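The chains referred to below are lettered A, B, ... by the order of the sequence lines, with proteins before strands, and numbering in each begins at 1. In this text the structure is predicted, and so the values were computed from the model without any measurement.
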Amino acid sequence: MKVIVDELRCDAHGQCMRACPEVFRLDDDDDVVTVLVKEPDESLRESVRRAARVCPKAAIRIED
Amino acid sequence: MKWPAWEDVAFYMQEPEVMYASIAAERRAAPVYWYTPPKFATGLWVLSKWEHQRFVGSHPELFSSRYGFALGDASDPVTVMRQLPDWAQRALREGNLSPAETRWMIARGKLSLGDPEFVALILLDPPRHGHVRSIMMKALRPSLVRSLKARIAEITDELLDRIEPGAELDFVTTVGRIPAALMTELVGVPRDMRDRFIEMASAQMAAITIDPNRDPAEVQRIERLTKTFHGYCDELLAERRASGGGEDDLVSIIARSEFEGAPVPRSMAISFIHTFVNAGETTRALLSFVAMALAERPDQRRLLVERPELVANAIEETLRTHPLNWSGCRTATQDVEIGGQLIRKDDYVMMAYASANRDEDVWDRPDEYDVTRSFDKDHQSFGHGEHSCPGALLARTDSAMIFERLLARFPDWELAGIPQRWANPFLQGLGALPLRFRV
């Protein structure tokens, strides 16, 4: 599984970090989210999917 | 039970319980419903379910923003003609436009800012939309917004110092003014022009709403104010370009930005300023609804006084129960099935935010106002996807800050009169909210 963030769309709402802090990181002075692990372990699939679903900009994609 | 007349001002002026019962009846019986409003050129699909609206928002390639974004854009051209510039009127009169192209002409005409070549952000699709939006977003960077907290607190305290306990005041024109004041700073308006700027801005809200019943004198008044406003934006931009635009305000950022290798075009610059200004007004509406909801529900207000950490949640709950946009529209780019209905290419699709926010498949006790509600699933009040509200973070930040401080200073308030609602089939807001604050 590959995690792709459309940086042009990301508004740094930080919802993805709350859903899956293992993969998404956003500090107070960040304007775009950082993907900590580009190809996370299968065990994180559910929380990565939740992160993609809660993103207000629909900026997160998962590729297999 | 009568189903909603989505285009009709009178529908939104009913008692909220009656209106929401009607919306719920349609959602349960016909969640994807083909509706033809009277005086409209064509019908449109009403999407009432949260899940379906999220799908539309997540797929801008299937649902385009080009051919209209508001319900009124599908009006019969004859009824809205006089609110449009001459070139749009001519194109509509020649009459060989398809229904989708007709909406495009109406929407583009009303947002053209006097420039026939200009296309507003809200009518753009990816990838162009993202490129244009990113220029404006430089002035709304999350890091910049978060750094404003101290300034928001300062403006709020100055205003709260002037509130007299026990005296009647209009919330809309007092505390409600804070976001507009903050916006003038973010835009970069010099201090001595801020009051005048807010006055021009308040009249702007009307200009983005196409209303078949608008009085011609009112149309002229809006046109006049719009001209003055644009003239002032030109001056501001020229001055900032001359000085090099080194600051973090919107006009400075525009002055030093480029679009497609050239300076940001005038109409685009003005449209960004418009967006900021309108955001001051919609945030004013949001604050007013929070104040009203908490005046009507002392138990919820007391809970917030005891647990200020719930204030941010109360803002979300107010957004859910009082969406500022009643709805938003898209056009299908190809045949697509939603909820068992076949939506054809070029069909107009309306997302009824007021319905999705009370969808019983997503929310327990949807009609209840509960500041402890969990928001695992976001409401639709900021929209979802490519076009979701650019100012969401700012609106959340300033409204939470304002109510934290207000509740700490004045834990008790009550209605001192009847709140006056805007008569508008696209936007929801309050014209007046008489309150009495107590310490």
Heavy-atom distance under 4.5 Å to chain B: side chain of A:R53, backbone, both or neither? backbone
For a quick check under 3.5 Å, do B:D359 and B:S48 share a side-chain donor-acceptor pair by atom type? no
Between B:H131, B:R133, B:M137, the one whose heavy-atom pairs under 4.5 Å with chain A are most numerous: B:R133
Should B:L319 and B:F289 count as side-chain neighbours, where that means a heavy-atom distance under 4.5 Å? no
Proximity of B:F375 and B:W363 rings by center, below 6.0 Å: yes
Do NZ/NE/NH1/NH2 and the carboxylate oxygens of A:K57 and B:E386 come within less than 4.0 Å? no
Do you know which of B:P390, B:C389, B:G130, B:P127 has the most heavy-atom pairs with chain A at a distance under 4.5 angstrom? B:G130
Sort B:R146 into side chain, backbone, both or neither according to what part of it lies under 4.5 angstrom from a heavy atom of chain A. side chain
Test item: B:L287 and B:F403 side chains (from C-beta on) under 4.5 Å apart, heavy atoms: yes
Of the listed A:P56, A:A19, A:A58, the one with the largest count of heavy-atom pairs under 4.5 Å with chain B is A:P56
Do B:E61 and B:H59 have side-chain atoms, one donor and one acceptor, less than 3.5 Å apart? yes
So for B:H129, is it side chain, backbone, both, or neither that comes closer than 4.5 Å to the heavy atoms of chain A? neither
So for A:D30, is it side chain, backbone, both, or neither that comes closer than 4.5 Å to the heavy atoms of chain B? backbone
If I measure from the heavy atoms of chain B, does A:D6 come under 4.5 Å with its side chain, its backbone, both, or neither? neither
Per-residue contact mode, B:S134 against chain A (heavy atom under 4.5 angstrom): side chain
Counting only heavy atoms not in B:R256, do more than 12 fall under 6.0 Å of its CZ? yes
